[in-house]
Protein chains: 2
Amino acid sequence: MEIDIKLSDFNETILPWLGKTSKLMNMFISDVFHKNNIQITKQQWIVLKILSEKSDGIIQNELACITERNKASLTRLINVMEKNNLVARVPSKLDSRKNLIKITHSGEHLFNITKPIMIASIKAIENNISVDEMNIFLKVMSKIQTNLKINQLN
Amino acid sequence: MEIDIKLSDFNETILPWLGKTSKLMNMFISDVFHKNNIQITKQQWIVLKILSEKSDGIIQNELACITERNKASLTRLINVMEKNNLVARVPSKLDSRKNLIKITHSGEHLFNITKPIMIASIKAIENNISVDEMNIFLKVMSKIQTNLKINQLN
DNA sequence: TTAACATAGTTGCATATGCAACTATGTTAA
DNA sequence: TTAACATAGTTGCATATGCAACTATGTTAA
């Protein structure tokens with residue numbers, strides 16, 4: 001019985017590549033914002049983007065769901081963003097358990113400033129990658145997510 | 001002048017896909033370990049794997065470099081692992097600034113237990129992905145890392 | 001020699017994150 | 001009605017992480 005059949009191939013496996021690349025990407029975005037004197041993280045930016053498209057606000061729990069984030073984690077992310085005056089918690093009138101998260105004017109302003117920076121960053125990240133490669137990349141990502149969710153149920 | 005040309009396509013972009021998938025993967029691995037009553041994170045596991053292949057130990061800074069991690073971050077990762085008796089800091093005799101990080105017997109034991117679990121997890125994650133898709137996926141990842149590193153210098 | 005510089009690692013301060021247990025409020029079935 | 005259950009959000013405790021400033025030690029050039 002040989003258990004260690006394939007672990008030698010670990011480095012050519014999705015797991016370490018995905019982790020490393022994702023971390024490098026976060027650092028890259030963080031660096032870009034830092035160089036432009038913008039105090040915001042990639043995670044906050046994504047929330048800001050979602051909220052900028054929903055002027056009525058989004059229930060906190062729903063926002064957690066959309067961003068695939070634990071509700072405890074979202075609570076704290078919103079805490080930081082609220083502290084920095086990017087978003088506001090508005091209690092729902094229909095259900096007092098719920099909070100509507102809304103982007104502030106200050107948040108919208110910051111988001112508008114970041115738009116061209118983010119577009120340029122995405123272009124830089126996706127440089128030299130063909131449309132075909134991109135399509136397969138997204139397809140593989142989708143399959144991975146499916147695999148992760150299927151197995152999660154067991 | 002239209003600045004917001006492409007931000008509407010953000011969701012079909014590498015950036016959010018990579019972030020989300022990576023997070024889901026970390027949660028998946030964390031869940032697998034949890035269900036097997038193994039107290040270790042994906043990050044710790046990778047360090048354990050690297051150390052298990054280097055019985056002479058690795059200089060702390062080098063380990064940070066290999067895992068593409070900030071040296072401050074590595075310091076704390078090693079703190080946790082040392083607390084849990086998975087690794088040990090051994091001061092270098094040649095250069096007293098340096099620490100050699102070595103896996104402990106307890107760490108080796110835990111690593112051996114996790115091997116089959118990790119192999120099964122990787123198989124689950126890579127299920128339904130063809131060899132061709134895998135090759136392109138790795139190629140794209142490699143290109144992204146190159147893009148990130150090139151732009152980092154500016 | 002020794003001052004200037006380089007390298008290794010740690011610490012303060014900060015964000016992001018998850019699990020489990022909790023509070024508060026709303027809903028539903030007997 | 002009201003007890004049991006469901007849902008929304010927060011808090012305690014934990015890990016992982018980065019930047020900047022720091023200490024300690026080693027190296028190098030005048």
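Because only heavy atoms are used, hydrogens play no part in the values below, and waters and symmetry mates are left out as well, while side chains stay in. In what follows, chains are A, B, ... by sequence order, proteins preceding strands, each numbered from 1.
Note: CZ (A:Phe33) to C1' (C:dT15) measures 14 Å, nearest angstrom. Computed from coordinates, the B:Ile101 CD1 to C:dG9 C1' distance equals 10 Å when rounded to whole Å. The distance from atom NZ of A:Lys42 to atom P of C:dA16 is 11 Å, rounded to the nearest whole Å. Separating the CG atom of B:Leu63 from the C1' atom of C:dG9 is a distance of 13 Å, rounded to the nearest angstrom. Between A:Phe28 atom CZ and D:dC19 atom P there is a gap of 14 Å when expressed in whole angstrom units. Taking atom CG of residue A:Asp31 and atom P of nucleotide D:dC19, one finds them 7 Å apart after rounding to whole Å. B:His34 has its NE2 atom 15 Å from the P atom of D:dA14, to the nearest Å. The CG-P distance, from B:Asn70 to C:dC13, rounds to 17 Å in whole Å.
A distance-only check finds a donor-acceptor pair linking the side chain of A:Glu126 to the backbone of B:Ile14 [under 3.5 Å]. In this structure, the side chain of A:Lys143 engages the main chain of B:Asn128 through a donor-acceptor pair within 3.5 Å.
Take the nearest nucleotide of DNA chain D for A:Glu62 and for B:Val80: the residue whose nucleotide is more 5' is A:Glu62. Mapping B:Ala72 and A:Lys83 onto DNA chain C by nearest heavy atom places B:Ala72 at the nucleotide closer to the 5' end.
Checked for salt-bridge contact, B:Lys139 and A:Glu133 meet the test: a charged N lies under 4.0 Å from a carboxylate O.
Side-chain contact check for A:Asn112 versus A:Lys115: some heavy-atom pair is nearer than 4.5 Å. At a threshold of 4.5 Å between non-hydrogen side-chain atoms, the residues B:Met25 and B:Lys42 count as touching.
Distances shorter than 4.0 Å separate none of the side-chain N or O atoms of B:Asn26 from OP1 or OP2 on C:dT17. Distances shorter than 4.0 Å separate none of the side-chain N or O atoms of B:Ser96 from OP1 or OP2 on D:dA24. Taking 4.0 angstrom as the limit, B:Ser73 places a side-chain polar atom (N or O) nearer than this to OP1 or OP2 of D:dG18. Residue B:Gln43 places none of its side-chain N or O atoms closer than 4.0 Å to OP1 or OP2 of D:dT15. For D:dA16, one of the phosphate oxygens OP1 or OP2 lies less than 4.0 angstrom from a side-chain nitrogen or oxygen of B:Thr41. The phosphate of C:dA14 (OP1 or OP2) has no side-chain N or O of A:Gln39 nearer than 4.0 angstrom.
Aromatic ring centres of B:Trp17 and B:Phe10: separated by at least 6.0 Å.
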For nucleotides 4-8 of chain D, list the nitrogen or oxygen atoms of the protein found under 3.5 Å from its nitrogen or oxygen atoms, one pair per line.
residue, atom, partner, partner atom, Å
D:dT7, O2, A:Arg97, NH1, 2.8
D:dA8, OP2, A:Asn61, ND2, 3.0
D:dA8, O3', A:Arg97, O, 3.4

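Under the side-chain contact (heavy atoms from CB on, under 4.5 Å) criterion, B:Ser121 pairs with B:Phe28, B:Ile29, B:Val32, B:Ile117, sequence neighbours left out. Under the side-chain hydrogen bond (donor to acceptor under 3.5 Å, both in side chains) criterion, B:Thr75 pairs with B:Gln60, sequence neighbours left out.
Below the 3.5 angstrom threshold, one finds no donor paired with an acceptor across the side chain of B:Arg76 and the base of C:dG9. A donor-acceptor contact under 3.5 Å is not formed by the side chain of B:Arg89 with the base of C:dG9. Taking 3.5 Å as the limit, the base of D:dG9 and the side chain of A:Arg69 contain no donor-acceptor pair of atoms between them.
Within 4.0 Å (heavy atoms only), A:Thr75 reaches at least one base atom of the nucleic acid.
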**Request:** Go ahead and write out DNA chain C as dot-bracket, 5' to 3': ( ) for pairs within the strand, [ ] for ones crossing earlier pairs, | when the partner sits on another strand, dots for unpaired; Watson-Crick or G-U wobble, both distances under 3.5 Å.
**Result:** ||||||||||||||||||||||||||||||
Distance-only criterion, 3.5 Å: show the donor-acceptor pairs between side-chain atoms of residues 47-58 of chain B and protein atoms not counting sequence neighbours.
residue, atom, partner, partner atom, Å
B:Lys49, NZ, B:Glu53, OE2, 2.8
B:Ser52, OG, B:Lys49, O, 2.7

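For residues 70-88 of chain A, the salt bridge (Lys or Arg N to Asp or Glu O under 4.0 Å) pairs, not counting sequence neighbours, are A:Glu82-A:Arg89.
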